[in-house]
Amino acid sequence: MTDTATTGRALPHPERDEIRLESVLHALSDPMRLLIVRELAASEAELTCSQFELPVTKSTTTHHFRVLRESGVIRQVYRGTAKMNGLRRDDLDGLFPGLLDSLLTAVDRQAGRLGGSV
């Protein structure tokens with residue numbers, strides 16, 4: 001249930017078969033977490049926490065990343081001193097085909113309608 005990193009620090013992640021739709025939907029119900037997921041999906045690469053410019057405090061940002069990780073939406077691993085974040089697209093697409101793409105499309109449409117806000 002954990003990923004080990006070269007530094008020996010590990011963060012808890014659900015295994016693929018432990019990911020539940022309710023937890024994923026809850027994690028994606030928050031605008032800040034949707035923003036994080038949108039940025040990860042657009043980059044298709046791991047990003048450090050500091051690469052996200054969220055209009056919330058550092059502790060709130062940490063909370064949002066934890067919710068996404070514990071629900072199985074993202075994977076976080078330490079690389080040196082940086083905590084890297086990656087979207088668990090393969091796991092989500094395998095468990096819930098089309099969900100992530102449909103959600104991202106809907107969020108993009110909403111942002112267009114509302115002038116850029118999620």
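One is the number of the first residue; the rest follow in order along the sequence.
Note that the OH atom of Tyr78 and the CE atom of Met84 stand 12.5 Å from one another [nearest 0.5 Å]. Interatomic distance, OG of Ser43 versus CG of Leu87, reported as 8.5 Å (0.5 Å rounding). For the atom pair Glu18 CD and Ser71 OG, the distance stands at 12.5 Å (nearest 0.5 Å). Once rounded to the nearest 0.5 Å, the distance linking CZ of Arg33 with CD1 of Ile74 reads 10.5 Å. One finds the SG atom of Cys49 at 12.5 Å from the NE2 atom of His64 (value rounded to the nearest 0.5 Å). The structure places CZ of Arg20 at 11.5 Å from CG of Leu25, a figure rounded to the nearest 0.5 Å.
Not one N or O on the side chain of Glu39 forms a donor-acceptor pair closer than 3.5 Å with the backbone of Ile36. Looking at His13, its side chain does come within 3.5 Å of a backbone N or O of Gln76 through a donor-acceptor pair.
Taking 4.0 Å as the cut-off between side-chain N and carboxylate O, Arg75 and Glu46 do not count as a salt-bridged pair.
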message: Leu28 vs Leu103, test: side-chain contact (heavy atoms from CB on, under 4.5 Å). Steps then yes/no.
response: CA-CA 9 Å; Leu28 298 174; Leu103 177 87; 3.5 Å; yes
- request: Could you walk me through whether Asp101 and Arg89 pass side-chain contact (heavy atoms from CB on, under 4.5 Å), step by step?
  value: CA-CA 10 Å; Asp101 288 333; Arg89 182 177 278 283; 2.9 Å; yes
- prompt: What do the steps show when you test Leu100 against Val37 for side-chain contact (heavy atoms from CB on, under 4.5 Å), and what is the final call?
  reply: CA-CA 9 Å; Leu100 191 56; Val37 170; 4.1 Å; yes
- request: Test Thr48 against Lys83 for side-chain contact (heavy atoms from CB on, under 4.5 Å), laying out the working first.
  value: CA-CA 6 Å; Thr48 64; Lys83 190 185 294 182; over 6 Å; no
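Side-chain contact of Thr62 with Ser59: a donor-acceptor pair under 3.5 Å is absent, judged by distance alone.
In this structure the side chain of Val77 reaches within 4.5 angstrom of the side chain of Arg79, judged on heavy atoms.
Annotation: Glu22, atom CD; neighbour count of heavy atoms from other residues, nucleotides and ligands within 6.0 Å is above 12.
Nearest heavy-atom pair across Ala27 and Val73 is CB-CG2, 4.2 Å. When all heavy atoms are compared, the tightest approach of Phe65 to Asn85 is CD2-OD1, 3.3 Å. In terms of heavy atoms, Arg88 sits closest to Pro14 at NH1-O, 2.9 Å. Taking both residues in full, the closest heavy atoms of Ala41 and Leu104 are given as CB-CD1, 3.6 Å, listed atom of the first, atom of the second, then distance.
At a threshold of 4.5 Å between side-chain heavy atoms, the hydrophobic network of Ile, Leu, Val, Met, Phe, Trp and Tyr places Val24 and Leu35 in one connected group. Placement of Val67 and Leu11 in two distinct hydrophobic clusters is found when ILVMFWY residues are connected by side-chain heavy-atom separations under 4.5 Å, directly or transitively.
Residues meeting the side chain to side chain contact (heavy atoms under 4.5 Å, CB included) test with Asp108, sequence neighbours left out: Arg38.
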